[in-house]
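The next block holds one structure in the form of structure tokens; read it before the comments.
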Amino acid sequence: MNNNVTVLEIDGSALEHNLNHFKQQLHPKTKILAVVKAFGYGSDGVQIAKFLEKKVGYFAVAYTHEGIALREAGIKAPILVLHPQIPNLGSIVNYCLEPNIYNFKIFNAFLKLATQTALHEYPIHVKLNTGLNRLGFSPADVPTLLMQLKEIKELKVQSLFSHLAVSEEKEEQAFTDNQIAIFSENAQQFQAGLGYKPILHILNTSGVINYPKAQFDMVRIGIGLYGFGYDNKETKQLKNTHNLKSIISQIHNIEPEESVGYNRAFIAKVKTKTATIPIGHADGISRKLGNGIGHVLINGQKAAIIGNVCMDMIMADITTINCTEGDEVIVFNSQEMIQEIADITATIPYETLTAISQRVQKTLKP
Ligand SMILES: *Cc1c(COP(=O)(O)O)cnc(C)c1O
């Protein structure tokens, strides 16, 4: 693709390790849906999907255009679009994507399209709101929805699903148990009302870890594939998949009183050696990591990021590090480093990973 020196290497064997880690914990019949939205959590959804296609039965993306990108790259596996909009429905059908149907408005619009284009048993995924209050039919809507679904041959409820609100927190077990109970009751109604059984699924990564009894027919795993569980103990059993690397473009020897970077944010107190690295906030490096707060690794040693993070560059203090221009720089290559960045920037690894921008080259190593 290009010869950028700033690269996110996706570790295929780590991805496979993580997938197998969850497979081992699940009933052998439970299907795994790999969530590859947001460019595979900041990496490359297409490369991830190609790598996993033979190993998982289903993919999910958030938006329609993400699903189109997978189809255009030749992915044949079924793809659930978690958050489609009415204007997308034509593309959904053209690209054989499977929509989440979450309210009557999108249901009626899709049914109209299905009737006009004479679709037969087109797979849809009905989402139930069991307490997250984000997307989904309320349980009170189920009888009306079922009455309509029973009458039509254009659509088939491929799956019925819901999403947990606090699957990572054991203290909220009562709330989660209630969500699962509501889902089970409605699943029975669907099965009876439709005369066939849709695939049932409610668990995300931390749901699989904390509520394996609620695995139903399928689970939706996102962050777990990319190396993060809901706590350190679980994360330790997973492998890091996202390795962000760059190189030293230039080294400067800074005299005391001289400054480095915009706003002269760093002023040298003593003779200082700095490395300029071609990665900046436009690549996903938060400005909060500047001014000595964050660091990179050069030849295995920590080099503090000094001065302000620029759009396309950072400068690091390499005074005590033996290195030369062209040497490798590691921004992160472990869950600990990613977690540390998330902590510093007051966020969670989900955001740290998905912040890696489209400008960074992505390469999956099998
Ligand atoms: C993003 C998402 C997932 C994946 O969640 P993880 O916590 O990353 O495993 C599963 N289901 C839905 C509906 C999602 O939006």
Side-chain angles (χ1 to χ4, degrees), residues 15 18-19 21-23 25-26 30-43 45 48-49 52 56-64 66-67 70 78-85 97-103 106 124-137 158-170 172 176 179-180 183 198-212 214-231 234-235 237-238 240-242 335 338-339 342 347-356:
L15 204 57
N18 297 340
L19 176 65
H21 172 82
F22 291 106
K23 267 190 185 164
Q25 300 188 13
L26 293 165
T30 304
K31 292 185 184 36
I32 294 185
L33 174 153
V35 181
V36 294
K37 64 191 177 189
F39 305 99
Y41 288 50
S43 61
I48 301 245
L52 293 179
V56 299
Y58 247 98
F59 290 112
V61 292
Y63 304 136
T64 305
E66 299 179 294
L70 296 183
I79 300 169
L80 162 56
V81 178
L82 292 165
H83 202 165
Q85 305 292 340
L97 303 170
E98 303 180 1
N100 169 11
I101 299 297
Y102 49 89
N103 64 10
I106 198 158
I124 62 167
H125 300 260
V126 173
K127 183 151 198 191
L128 276 183
N129 175 20
T130 55
L132 179 59
N133 292 325
R134 202 171 68 168
L135 285 182
F137 288 94
Q158 179 75 357
S159 90
L160 178 72
F161 75 115
S162 190
H163 197 39
L164 297 176
V166 282
S167 57
E168 55 283 277
E169 284 164 47
K170 283 248 176 76
E172 290 277 13
T176 303
Q179 277 196 277
I180 294 166
F183 182 67
I199 299 170
L200 304 176
H201 48 118
I202 193 169
L203 300 182
N204 68 332
T205 299
S206 43
V208 171
I209 295 164
N210 285 330
Y211 300 92
Q215 61 191 271
F216 295 96
D217 305 308
M218 186 159 83
V219 297
R220 304 183 302 272
I221 304 185
I223 197 80
L225 286 176
Y226 310 109
F228 289 86
Y230 72 103
D231 69 0
E234 189 68 25
T235 297
Q237 298 183 55
L238 300 170
N240 182 48
T241 55
H242 285 39
Q335 292 117 315
I338 295 166
Q339 185 65 56
T347 187
I348 52 178
Y350 288 85
E351 189 179 354
T352 305
L353 297 180
T354 57
I356 304 162

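The first residue in the sequence is number 1, and the count goes up from there. One-based numbering, in listed order, for ligands and for the atoms of each.
Atom NE2 of H201 sits about 10.0 Å away from atom NZ of K31, to the nearest 0.5 Å. In this structure, CD in Q25 is found 7.0 Å from CD1 in I209, a value given to the nearest 0.5 Å.
Each of the atoms 10 (C), 11 (N), 12 (C), 13 (C), 14 (C) of ligand 1 lies under 4.0 Å from some heavy atom of H163. Near R134, with a cut-off below 4.0 Å to any heavy atom, the atoms of ligand 1 are 15 (O). Taking every heavy atom of V35 and a limit of under 4.0 angstrom, the matching atoms of ligand 1 come to 3 (C), 4 (C).
Residues V36 and L225 have side chains not in contact (no heavy-atom distance under 4.5 Å, counting atoms from C-beta outward).
The side chain of K127, and not its backbone, has at least one atom closer than 4.0 Å to an atom of ligand 1 (non-hydrogen atoms only; side chain from C-beta on).
Not a single heavy atom of F161 sits closer than 4.0 Å to an atom of ligand 1. At a 4.0 Å cut-off, at least one heavy atom of Y41 sits close enough to ligand 1 to count as contact.
For F22, there are no ring pair (Phe, Tyr, Trp, His ring centres under 6.0 Å) partners at least two apart in sequence or on another chain. Every residue two or more places apart in sequence or in another chain was checked for a ring pair (Phe, Tyr, Trp, His ring centres under 6.0 Å) with H21, and none qualifies.
Regarding atom 5 (O) of ligand 1, its nearest protein heavy-atom neighbour is N204 CB, 3.5 Å. T205 OG1, 2.5 Å is the protein heavy atom nearest to atom 9 (O) of ligand 1. The closest protein non-hydrogen atom to atom 11 (N) of ligand 1 is R220 NE, 2.8 Å. The shortest contact between atom 15 (O) of ligand 1 and any protein heavy atom is with K37 NZ, 2.7 Å.
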Take T235 and Q335, measure what side-chain hydrogen bond (donor to acceptor under 3.5 Å, both in side chains) needs, and give me the verdict at the end.
CA-CA 8 Å; T235 297; Q335 292 117 315; 5.8 Å; no
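When the options Y350, Y230, F228, F22 are ranked by their closest heavy atom to atom 7 (O) of ligand 1, first place goes to Y350.
Side-chain contact check for S167 and N204: at least one donor-acceptor pair (N or O, by modelled atom type) lies under 3.5 Å.
At least one N or O atom of I223, backbone or side chain, sits closer than 3.5 Å to an N or O atom of ligand 1.
Distance alone, capped at 3.5 Å, is enough to place a donor-acceptor pair between the Q179 side chain and the A165 backbone.
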